[in-house]
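Quick notes on the structure that follows.
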Amino acid sequence: MGSEISRKISAPLLRREVEAALELRVRHLNKPQAKELAERSASSVERLVATVARIEKTSGEDVVLHEERAAILLLEGKPGEAAHEAQEFLKVEPMLQCFMSALRLEKFDSNLAVKLLIAGQEPAKALRSGQVVGQYAWWPSWLLKVVTERAMADALDEATANALGQLAYAELSPAQAGFARRLLAGEAALIEASALRLEAYGDPGAAEKLREGDLITIALAARIIPV
């Protein structure tokens with residue numbers, strides 16, 4: 001987050017001072033028991049605070065160094081307030097990416113979570129979708145696109161993802177994958193034709209499930225077309 005903020009500081013001397021303070025703070029956080037690092041880090045923040053205050057005072061009331069103030073808030077251990085201040089000069093996406101990275105979640109699709117947050121989805125749902133999709137990075141690209149679209153539409157849960165996984169395990173040919181995509185998109189004529197085919201194979205129950213949009217049955221329907 002500090003890197004995103006510091007690169008927006010136009011004055012070279014101030015930018016270097018912020019970068020030096022950030023470097024010391026990171027070193028201190030990595031070695032919290034090192035007293036000398038803690039003192040040097042605290043001193044660097046104090047110097048930066050004094051420098052910013054002096055510049056703003058001499059420059060007049062209309063001058064506010066938003067970038068530097070955001071860096072100070074971050075250095076003081078207030079990332080939420082720093083992000084709020086950074087709204088003046090940073091786009092939302094890189095800030096959200098910083099927070100997603102800070103969660104250090106394994107098998108997590110942070111890009112999807114950020115897209116969902118920007119689209120206005122509740123954080124809990126966005127994080128859950130990121131975790132669900134992150135487990136299936138090995139899925140074929142067309143299926144990842146489908147599951148991403150469902151997440152964006154707030155129609156993704158663990159059960160839905162598991163059902164879609166049947167399509168991944170089905171090892172569909174390109175033609176069958178295209179067929180499955182159309183079924184998933186709800187193409188009425190194709191769904192009805194496929195249901196009739198299942199009935200002809202003697203499985204009216206599967207045909208009815210297909211008409212109802214059952215995801216596992218879609219995988220079955222895709223498998224029975226010629227490769």
Side-chain angles (χ1 to χ4, degrees), residues 1-10 14-34 37-38 40-42 44-45 48-49 52 65-141 143-158 160-162 164-165 168:
M1 189 173 175
S3 297
E4 293 288 345
I5 292 172
S6 63
R7 65 169 57 104
K8 292 293 183 178
I9 299 173
S10 56
L14 267 177
R15 184 170 61 251
R16 283 197 287 273
E17 187 169 348
V18 167
E19 289 171 345
L22 286 167
E23 182 183 356
L24 277 171
R25 179 48 54 96
V26 170
R27 290 173 61 190
H28 164 52
L29 291 173
N30 285 331
K31 295 182 178 180
Q33 304 303 321
L37 276 177
R40 290 175 61 194
S41 177
S44 68
V45 176
L48 180 60
V49 169
V52 169
L65 303 179
H66 291 290
E67 297 86 348
E68 291 79 359
R69 290 211 164 273
I72 289 170
L73 288 167
L74 183 62
L75 288 162
E76 290 176 340
K78 304 171 183 176
E81 293 179 37
H84 180 75
E85 183 73 28
Q87 289 181 102
E88 294 289 337
F89 56 90
L90 275 180
K91 293 182 179 179
V92 172
E93 186 170 347
M95 283 291 94
L96 289 175
Q97 285 287 6
C98 288
F99 281 95
M100 291 301 103
S101 299
L103 294 175
R104 298 185 182 277
L105 296 172
E106 294 184 2
K107 296 182 179 180
F108 179 71
D109 191 328
S110 61
N111 291 328
L112 173 61
V114 168
K115 286 179 182 178
L116 294 173
L117 288 169
I118 291 174
Q121 196 167 113
E122 293 179 4
K125 288 185 177 180
L127 291 175
R128 185 163 57 250
S129 293
Q131 287 180 303
V132 169
V133 176
Q135 297 176 44
Y136 304 109
W138 59 272
W139 280 6
S141 58
L143 190 53
L144 284 174
K145 183 179 179 181
V146 169
V147 78
T148 298
E149 288 170 352
R150 295 218 169 199
M152 294 295 290
D154 198 11
L156 180 67
D157 53 26
E158 194 73 42
T160 301
N162 289 336
L164 286 170

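- Between the CD atom in Glu122 and the OG atom in Ser129 there is a gap of 11.0 Å [rounded to 0.5 Å].
- Salt bridge Lys91/Glu93: absent, no basic N to carboxylate O contact under 4.0 Å.
- Under the side chain to side chain donor-acceptor pair (under 3.5 Å) rule, Ser41 has a single partner from Arg27, His28, Arg25, which is Arg25.
- Interatomic distance, CG of Leu37 versus CG of Leu24, reported as 7.0 Å (0.5 Å rounding).
- The structure places SG of Cys98 at 11.5 Å from CG of Leu103, a figure rounded to the nearest 0.5 Å.
- Contact record, Ser6 with Ser3: OG-O, 3.3 Å, taken as the closest heavy-atom pair.
- Residue Gly130 comes nearest to Phe108 through the heavy atom pair C-CD1, 3.5 Å, listed as atom of the first residue, atom of the second, then distance.
- The minimum heavy-atom distance between Pro123 and Leu117, with the atom names listed, is CA-CD2, 3.6 Å.
- Here Ser44 pairs with nothing under the side-chain hydrogen bond (donor to acceptor under 3.5 Å, both in side chains) rule; sequence neighbours left out.
- What you find for Gln121 and Ala126 is that their closest heavy atoms are OE1-N, 3.5 Å.
- Across every non-hydrogen atom of Ala83 and Phe99, the tightest pair is CB-CE1, 3.8 Å.
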Quiz prompt | side chain to side chain contact (heavy atoms under 4.5 Å, CB included) between Met1 and Ile5, intermediate numbers included | solution = CA-CA 6 Å; Met1 189 173 175; Ile5 292 172; 4.3 Å; yes
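- Using modelled atom types and a 3.5 Å distance limit, the side chains of Asp109 and Gln135 yield no donor-acceptor pair.
- Annotation for Ala82 and Leu74: closest pair CB-N, 3.7 Å, computed over non-hydrogen atoms.
- The main-chain N or O of Lys78 is never found under 3.5 Å from a side-chain atom of Glu81 such that the two would form a donor-acceptor pair.
- The side-chain contact (heavy atoms from CB on, under 4.5 Å) test with Glu85 singles out one residue from Glu68, Glu67, His66, and that residue is His66.
- Considering CG of Leu116 and CG of Leu127, their distance stands at 9.5 Å, rounded to 0.5 Å.
- Interatomic distance, Leu65 CG to Leu14 CG, rounded to the nearest 0.5 Å: 6.5 Å.
- Atom CZ in Arg150 sits 15.0 Å away from atom CE in Met152 (nearest 0.5 Å).
- Remark: Arg7 engages Glu4 in a side-chain hydrogen bond (donor to acceptor under 3.5 Å, both in side chains) (not counting sequence neighbours).
- In this structure the side chain of Gln97 reaches within 4.5 angstrom of the side chain of Asn111, judged on heavy atoms.
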